[in-house]
Amino acid sequence: MSVLDKVDSPKDLKKLDKSELEELCSEIREIIIETVSENGGHLASNLGVVELTVALHRVFSAPTDQIVFDVGHQCYTHKILTGRKSAFSTLRKEGGISGFTRPNESDYDIFSSGHSSVAVSQAIGLAKAKKLRGEKGKVVAVVGDGALTGGLAYEALNNAGDGSDNLIVIVNNNNMSISKNVGTMSKHLTTVRTSKKYFTFKSNARRFIAKIPKIGVHINKMLTEFNTKIRKRVYKNATFFEDLGFRYYGPIDGHDLEHLEGVLNAAKAHTHSVLIYVNTIKGKGYGPAEKNPTQFHGIGKFNVSTGEPYSSSEGFSDIFGKTVCSLAEKDSRICCITAAMASGTGLEKFSNMFPKRFFDVGIAEQHAVTFASGLAKNGMIPVFAVYSTFLQRSYDQLIHDVAMQNLKIIIAVDRAGLVGEDGESHQGVFDVSFFNSVPNITVFSPSSYEELSLMLGQAVYRCSGACAIRYPRGVQSDMPENYSYNKKSFDVFGNRDGKICIISYGREFSECYAALNDLDDAFLIKLNTIKPVDESVLELIKKAKKVFFFEESIKAGSVGEILAEMLAERGIRVKYRHYAVSNEFVKQASVCRQLELYGLDRKSIVKEVLNGGKNKA
């Protein structure tokens, strides 16, 4: 019987001895590696926090004590230990458990997660609410060092160190190793400072000194100042965190279970906000992930023996990367910005070729957009490559710092549309709607690699203001034979005098074109520029009797809604049916399955057109 077989809830952890705990961590790593190799997911970050998560659940009593994981992509061990061990093989599959924390799965998951730098803010709210309601329990925020590049984390830290007696923040640094000398000394002092004997001696000594007439209070103050200076010499990060009002411990070896538990128990006993700085190794226990943690941060299916991914086809991100490099070779004004996603957005080559024109601002999408506005104001052409789901965080900056200033920046919107197994937090279905609400922005939506390259050139040399180019995750879908992008705002396929008009853009065009071959008396309008919509399209539409619009976007504020409004304003009467993502959050499934669920796949399109859109009546 394996040790993991003995653990069905966090309570079972408390019964295990030291040797069993070491074996448990090894078994957890094995199941994580095996599952991610088959399902895809976040591997390196999860392998790095196995011991930390085990220690948290041994010391604290969740869910009375609430543990909030920032981003949530490091929650796999947490899921295994909180009753989802048997369901772990369904990770990221349709109907299975999520790759992020989800309260609808378990009371142990406090928030639905997916984006960075939010956990401290959430934890402060939880802690304050507990205090106001007189409820028991600590609140622990587990935050990665990458999350501390986001401004929201600092806003929260600034607000957190005000003496909250039930708040603990754990900063997990998985990029830097502990300096040998300072690390050894800090470990020794942390061990001393977290012992019960130290607490007792310290409290008794302060009470005794305070009783000394006239000078007792002054002596205690001097001792406190001296103690602070010593700690700041040893704990390099303490200067910042203690100035914010936290009691600071660290750096701690995040793979030393015994030491972790000692520090966590000390933090639990505190009557003040505590911050614990932990060092872990990303990819711990799996050689390929330790050597290349970036590749194994978020990965598809791979061979466990070799670490090689099963699919390595060139996709839209790669084409974008190559194209922007080609343009930058000819134009020194072009520079690129990423928010800690150089590899994911295809910008690694650019960063090597043009290091002075490449800017990784960290997980700070708001700053990225406003920073781009400054570059643009002084004559550069900034290209900000960002996943659609993370661009949401820059909405205010798009409005105030870019569009209102009428500045020329280019936003390369990666992972636009449905993205599959990452689930509700990562679907790129909102950008179309918020772009449509912002003046002075042109939006292109390529369906092919060729279009992406040419549209990027158009954005650089033909657009006077801000431009966005949105393209899907993965590889190009099938395109019409001999099709070539002519840089027009739209293209038409089929019989223009047909009674049935189908309209689409982006990846969804391929599904619609495939459906067109199964339909009679129909034509298809492919929108290349989706904002603004070319009014010439209306002349084609008004000749038809029935119009069907299909798009991978949330329905509210979508292109289909904009077009319907244009038709109504001009008094063009046609039977109009609009198919998009219902105003809801898209659950995890393969992209093919998601298209099917929302009536956006070839078969559904044919069925809807043939029955006259009665399902939408």
Side-chain angles (χ1 to χ4, degrees), residues 38-41 87 89-100 102-105 112 114 300-301 315-316 387-389 392 413-433 445 447 470-478 502-516 518-519 524 530 547-561 564 576-617:
E38 296 176 357
N39 298 9
S89 61
T90 69
L91 182 77
R92 302 179 78 249
K93 290 184 176 181
E94 182 181 359
I97 63 173
S98 171
F100 301 90
R102 295 285 186 264
N104 61 354
E105 282 183 16
S112 286
K301 297 179 181 181
F316 278 95
Y387 290 5
S388 172
T389 183
Q392 295 163 190
V413 187
D414 203 328
R415 271 67 165 174
L418 300 168
V419 299
E421 293 84 355
D422 280 339
E424 298 96 322
S425 58
H426 280 60
Q427 307 299 333
V429 295
F430 297 99
D431 61 272
V432 169
S433 296
S445 189
S447 304
R470 60 185 312 274
Y471 44 91
R473 180 182 193 175
V475 299
Q476 172 182 296
S477 300
D478 292 335
I502 301 171
I503 310 172
S504 192
Y505 59 88
R507 174 172 54 190
E508 181 60 17
F509 161 73
S510 295
E511 298 290 333
C512 291
Y513 184 78
L516 184 67
D518 298 330
L519 299 169
L524 169 62
I530 61 172
V547 178
F548 299 83
F549 198 115
F550 298 88
E551 62 181 317
E552 284 182 58
S553 169
I554 201 79
K555 183 172 286 188
S558 62
V559 181
E561 280 203 350
Y576 187 85
R577 294 290 180 263
H578 180 207
Y579 301 80
V581 175
S582 306
N583 295 325
E584 63 189 34
F585 295 104
V586 180
K587 292 182 171 57
Q588 66 192 45
S590 68
V591 171
C592 290
R593 178 62 176 150
Q594 288 172 338
L595 290 171
E596 182 182 328
L597 289 169
Y598 288 100
L600 300 173
D601 64 306
R602 174 181 179 172
K603 288 184 180 179
S604 298
I605 293 167
V606 172
K607 181 180 178 181
E608 287 300 318
V609 173
L610 289 178
N611 74 13
K614 292 178 182 177
N615 291 342
K616 286 285 180 179

Enclosure of Asp518 CG (heavy-atom neighbours >12, cutoff 6.0 Å): yes
For Tyr576 against Ala564, the heavy-atom pair lying closest together: CE2-CB, 3.7 Å
Side-chain touch Phe549/Val559, heavy atoms, less than 4.5 angstrom: yes
Contact check, side chains of Ile502 and Phe550, non-hydrogen atoms, under 4.5 Å: yes
Distance-minimising heavy-atom pair for Ser425 and Arg102: OG-NH2, 3.4 Å
Approximate separation, where rounding is to 0.5 Å, of Gln476 CD and Ser510 OG: 7.5 Å
Student check: side-chain heavy atoms of Ser447 and Ser477 closer than 4.5 Å: no
Residue pair Ser112 / Glu424, side-chain heavy-atom distance below 4.5 Å: no
Parallel, tilted or perpendicular, as decided by the 30° and 60° cut-offs, for the rings of Phe430 and Phe585: tilted
Straight-line distance of Arg602 CZ to Leu595 CG, nearest 0.5 Å: 14.0 Å
Pair Arg473 + Asp422: basic N to acidic O under 4.0 Å: yes
Test ring-ring contact (aromatic ring centres under 6.0 Å, His included) applied to Tyr513 - qualifying residues, sequence neighbours left out: Phe493, Phe509
Taking every non-hydrogen atom, the tightest pair across Ile554 and Ser433: CG2-OG, 3.2 Å
CD on Gln588 to CD on Gln427, rounded to 0.5 Å: 9.5 Å
Inter-residue atom distance Arg507.CZ - Leu600.CG, 0.5 Å rounding: 10.0 Å
Heavy-atom side-chain proximity of Ser445 to Glu508 below 4.5 angstrom: no
Residue pair Ala580 / Ser553: nearest heavy atoms and the distance that separates them: CB-O, 3.3 Å
Partners passing salt bridge (Lys or Arg N to Asp or Glu O under 4.0 Å) against Glu551 (at least two apart in sequence or in another chain): none
Inter-residue atom distance Ile530.CD1 - Arg470.CZ, 0.5 Å rounding: 5.0 Å
Backbone of Tyr505 reached by a side-chain donor or acceptor of Glu552 within 3.5 Å: no
Residue among Asp431, Asp414, Val413, Val419 satisfying side-chain contact (heavy atoms from CB on, under 4.5 Å) with Tyr387: Asp414
Nearest-0.5 Å distance, NE2 of residue His578 to CD1 of residue Ile503: 9.5 Å
Worked check of side chain to side chain contact (heavy atoms under 4.5 Å, CB included) between Leu597 and Glu94: CA-CA 11 Å; Leu597 289 169; Glu94 182 181 359; 4.2 Å; yes
Nearest non-hydrogen partners of Thr90 and Ile97, listed with the distance: OG1-N, 3.2 Å
Any Lys555 side-chain heavy atom under 4.5 Å of Tyr598 side chain: no
Contacts of type ring-ring contact (aromatic ring centres under 6.0 Å, His included), residue Phe100, not counting sequence neighbours: His42, His426
Heavy-atom side-chain proximity of Lys93 to Asn39 below 4.5 angstrom: yes
Min side-chain heavy-atom separation Arg415-Thr389 under 4.5 Å: no
Donor-acceptor contact below 3.5 Å, side chain Glu596 vs main chain Asp601: no
Shortest non-hydrogen contact from Ala515 toward Val606: CB-CG2, 3.6 Å
